[in-house]
Number of protein chains: 2
Amino acid sequence: MSGEVNIKRLAQELNISIATVSKALNDSYEISLKTKNRVLSLAKELNYTPNPAASNLRSNKTKTIAVIIPCIANNFFSLAIKGIEEIARKYGHHVLIYQTHEDTEMEMSFTNSLLNGRVDGILTSVSSNEYNSDYYRDLVKKIPLVFFDRVYESLDAFKITTDDYQISFTATEHLIKCGCLKIAYLYGLGNLPAGRARFSGYKDALNAHGISYDENLVLNYSEDEDVNLDNIKKLFQDQYPDALFSSIEEFIIPAYLACNYLQLQIPKDVKILSFSNMSSAKLLNPSLTTITQPAFEIGNEAAKCLFKILNKRGIDDDQNIVLKSSLIKRASTGC
Amino acid sequence: MSGEVNIKRLAQELNISIATVSKALNDSYEISLKTKNRVLSLAKELNYTPNPAASNLRSNKTKTIAVIIPCIANNFFSLAIKGIEEIARKYGHHVLIYQTHEDTEMEMSFTNSLLNGRVDGILTSVSSNEYNSDYYRDLVKKIPLVFFDRVYESLDAFKITTDDYQISFTATEHLIKCGCLKIAYLYGLGNLPAGRARFSGYKDALNAHGISYDENLVLNYSEDEDVNLDNIKKLFQDQYPDALFSSIEEFIIPAYLACNYLQLQIPKDVKILSFSNMSSAKLLNPSLTTITQPAFEIGNEAAKCLFKILNKRGIDDDQNIVLKSSLIKRASTGC
DNA sequence: TTTAATTACGTAAACGTTTTCGAATAACCC
DNA sequence: GGGTTATTCGAAAACGTTTACGTAATTAAA
């Protein structure tokens with residue numbers, strides 16, 4: 001009764017050739033409706049699905065895409081993946097996930113392992129630890145690829161990003177309007193365009209309001225949580241900032257802890273604002289003013305873009321899609 | 001110069017047969033060290049990696065595993081995936097991710113799509129919406145599979161779980177010791193063993209301390225956030241509980257919001273305790289007492305278990321691994 | 001009626017590996 | 001030196017599809 005069910009078996013039981021079966025399954029115009037129905041119903045009865053390896057080997061299509069991100073345990077990326085998955089399902093594609101942990105070597109190693117036909121295309125959000133655009137300049141010629149959020153600006157490639165500069169400017173202005181004059185900047189994302197854009201928005205907003213930029217108020221992110229906590233404490237003790245503007249979510253916890261430790265009242269003594277997709281931002285003590293990126297939509301758009309490429313449609317479309325983030329004002333900035 | 005590089009090309013350039021190349025690449029004992037080195041170095045030079053589809057088709061090995069979970073944008077699952085990925089990398093395997101969104105139909109559909117040789121094995125955390133153990137009873141005979149966290153108890157299969165009953169008992173006792181007498185239970189996970197175990201721990205702890213169980217204090221989870229919020233408000237207005245014990249993270253935000261809305265002070269008027277892997281639990285207002293599952297380790301153990309099966313080792317080992325969760329006492333329970 | 005076009009299906013090659021089996025050479029034993 | 005055993009490699013089949021091409025039967029066009 002059983003025994004592996006493959007296309008040959010279907011052909012035998014129906015007394016037709018395997019070519020006919022294959023074409024019927026792929027809804028080819030060469031096959032009559034009658035035969036198609038016979039094939040389909042037997043396939044269903046026997047629970048037949050084509051062997052992916054064989055199909056892929058012959059057709060050079062995998063129905064699989066890869067997502068390469070720094071870390072999955074991050075609100076932004078897990079939401080983005082959710083957005084990607086939704087589109088992948090719609091197109092019947094499978095999704096491979098790779099985490100680089102911000103390690104450029106790993107990032108390249110994963111990517112290279114996908115170039116032998118394992119996937120049809122790649123969605124990637126690059127690591128912030130090194131800027132190797134040479135590698136990606138070659139890569140985009142080899143495989144359909146869409147960058148999202150963490151992109152390489154100079155590259156002639158498809159990119160989905162957000163209005164980092166503008167929203168950062170707006171957010172800084174908000175702090176200024178709330179009366180802050182010494183706004184510390186918690187710097188993340190290294191040399192990536194997103195990191196630089198957020199920083200520029202901050203500096204330009206200061207400048208536009210006649211506040212001089214002070215590099216002593218800028219703190220760089222460390223991958224060691226404890227170091228960040230210590231650095232923030234030190235920042236408070238040395239510079240007495242009246243606000244913290246964090247460019248990444250990872251600073252939130254140490255920032256709040258430092259305030260607790262130093263008995264600083266938020267927002268009375270210091271105001272806090274951060275880029276974040278943390279769902280509990282509204283429940284923090286006090287609730288946190290955030291810049292929230294449309295993470296799900298970014299994933300969604302990136303995937304849509306990739307499938308456009310895979311289906312050879314709209315390649316002439318604009319290569320850059322920029323989505324808007326939103327500033328959600330809450331108690332941590334006071335006003 | 002270029003042109004697709006495959007095993008035939010390597011063979012030609014080295015003037016040996018493709019069989020020899022293949023064996024050399026797979027480190028076969030039949031091949032001399034000298035030839036192996038020649039092959040390996042040319043492969044490296046040409047950036048050759050075997051075509052996965054061809055390899056898989058012939059060998060019936062995919063070097064790929066699948067992870068099927070309800071939702072990736074959930075702290076527990078994203079951490080678990082991180083744990084899974086770590087092991088998968090160690091074994092050089094790729095990881096496919098599927099989200100069921102608690103939809104049993106989707107869950108079965110995804111799973112079925114993996115039975116034609118797309119993956120070597122599956123890690124799954126089942127949906128809570130329906131209890132279809134018949135399906136899984138058949139499934140485990142067809143493909144290597146390990147359940148984690150959300151398992152089917154009765155099944156003769158590999159399962160990685162946590163001490164839900166015991167930790168739930170302990171947590172309930174903690175609330176009782178803090179003086180609570182009307183502890184409401186926010187019920188999640190439907191009919192799954194984890195859901196029932198957590199509930200039993202709660203009830204048995206009440207019983208052990210001479211507190212009678214009141215079903216009016218039990219609230220069931222709804223997938224609609226607003227409904228949960230309304231239900232919690234209603235619960236407060238009708239039953240005046242002095243504590244909320246939530247069996248899933250999803251109740252936290254509506255619970256806090258309801259308290260805010262009704263001007264109930266935590267922990268003075270009502271104490272809150274919840275299962276959760278939320279990293280910001282310590283920053284909530286007030287900080288939240290949690291039962292935290294070792295999510296990363298669960299993923300880790302589940303993956304290890306799967307690779308044991310795939311490598312046909314230790315099949316005689318115990319099929320069930322139970323890890324310990326921890327009760328982290330914070331301000332929301334007061335004492 | 002003849003010819004061309006259309007429809008519906010089959011034959012067989014191809015995709016890039018892995019693996020079985022056989023063969024050739026070298027090494028060893030008595 | 002005859003026979004056995006290692007060692008090292010190659011020829012060819014196989015994995016389960018897809019697809020270019022051929023062909024027979026039917027239909028349409030002339």
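Throughout, a chain's letter reflects where its sequence line sits, starting with A, and its residues are numbered from 1.
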Trainee: Is the backbone of A:E105 close enough, under 3.5 Å, to the side chain of A:S109 for a donor and an acceptor to pair up by distance?
Mentor: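 Side chain of A:S109 to backbone of A:E105, a donor-acceptor pair under 3.5 Å: no, none is there.
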Trainee: Does C:dG16 have its OP1 or OP2 closer than 4.0 Å to a side-chain nitrogen or oxygen of B:Y48?
Mentor: no
Trainee: For B:V21 and A:S59, take the nucleotide of DNA chain D holding the closest heavy atom to each; which residue's nucleotide lies nearer the 5' end?
Mentor: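 Nearest nucleotide further toward 5': that of B:V21.
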Trainee: So, for A:T64 and B:L96, which heavy atoms are closest and what is the spacing to 0.1 Å?
Mentor: CG2-CD2, 4.3 Å
Trainee: For the pair made of CG in A:N26 and C1' in D:dA20, what is the distance, rounded to whole Å?
Mentor: 15 Å
Trainee: What is the distance, rounded to the nearest whole Å, between atom CD1 of A:I16 and atom C1' of C:dT11?
Mentor: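 Computing the A:I16:CD1 to C:dT11:C1' distance gives 15 Å.
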Trainee: Please determine, for the side chain of B:S22, which listed nucleotide (D:dT17, C:dT19, D:dT19) has the closest atom?
Mentor: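 Output: C:dT19.
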Trainee: Using a 4.0 Å heavy-atom cut-off across all strands, classify A:I18 as base, sugar-phosphate, or nothing.
Mentor: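 If one applies the 4.0 Å heavy-atom cut-off, A:I18 turns out to touch a base.
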Trainee: Report the distance from atom CG of A:L25 to atom P of D:dT17, rounded to the nearest whole Å.
Mentor: 9 Å
Trainee: Check A:I7, A:T35, A:L10 against A:T20 for a side-chain contact (heavy atoms from CB on, under 4.5 Å) and give me the one that passes.
Mentor: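 Testing each of A:I7, A:T35, A:L10 against A:T20, the sole residue satisfying side-chain contact (heavy atoms from CB on, under 4.5 Å) is A:T35.
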Trainee: Roughly how many Å is it from CG in A:N116 to C1' in C:dC15, rounded to a whole number?
Mentor: 14 Å
Trainee: Tell me which of B:K23 and B:A54 sits closer to the 5' end of DNA chain D, going by the nucleotide each one is nearest to.
Mentor: B:K23
Trainee: Could you tell me whether B:D27 and B:K36 make a salt bridge, using a distance below 4.0 angstrom between a side-chain N and a carboxylate O?
Mentor: yes
Trainee: Between A:E4 (CD) and D:dT17 (C1'), how many Å, whole number?
Mentor: 15 Å
Trainee: Given atom NZ of B:K8 and atom P of D:dG10, what is their separation to the nearest angstrom?
Mentor: 16 Å
Trainee: Just how far, in rounded Å, is P of D:dT7 from OH of B:Y29?
Mentor: 10 Å
Trainee: Using a cut-off of strictly less than 4.0 Å between a heavy atom of the residue and any atom of DNA chain D, enumerate the qualifying residues of residues 34-44 of chain A by number.
Mentor: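 Within this stretch, nothing sits under 4.0 Å of the strand.
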Trainee: Could you work out which one of C:dT18, D:dC9, C:dG10 sits closest to the side chain of B:S32?
Mentor: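 The nucleotide sitting nearest to the side chain is D:dC9.
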Trainee: Out of D:dG16, C:dT17, C:dG10, which nucleotide sits closest to the side chain of A:T20?
Mentor: C:dG10
Trainee: Between A:S127 and A:Y152, what is the shortest heavy-atom contact and its length?
Mentor: O-OH, 4.5 Å
Trainee: Of the nucleotides D:dA12, C:dA13, C:dT17, which has the atom closest to the A:R58 side chain?
Mentor: C:dA13
Trainee: Assign B:N56 to base, sugar-phosphate, or nothing according to its heavy-atom contacts below 4.0 angstrom with the strands shown.
Mentor: nothing
Trainee: Hey, which of these two, B:N51 or B:E30, hits DNA chain C nearer its 5' end, going by closest nucleotide?
Mentor: B:N51
Trainee: Considering only side-chain heavy atoms of B:A19, which listed nucleotide, D:dT18, C:dG16, D:dA12, is closest?
Mentor: D:dA12
Trainee: Between A:R89 and A:E85, is there a side-chain N and carboxylate O pair less than 4.0 Å apart?
Mentor: yes
Trainee: Tell me whether the OP1 or OP2 atom of D:dG10 has a side-chain N or O from B:S17 closer than 4.0 Å.
Mentor: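 Answer yes for this pair, as a side-chain N or O of B:S17 is under 4.0 Å from OP1 or OP2.
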Trainee: Atom CD1 of A:I7 to atom P of D:dG16: distance rounded to whole Å?
Mentor: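 Taking atom P of D:dG16 as the reference, CD1 of A:I7 is at 11 Å.
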Trainee: Taking all non-hydrogen atoms of both residues, which atom of B:N116 and which atom of A:P50 are closest, and how far apart?
Mentor: ND2-O, 3.2 Å
Trainee: Ignoring hydrogens and angles, state whether a donor on the side chain of A:T62 or A:N56 is under 3.5 Å from an acceptor on the partner side chain.
Mentor: no
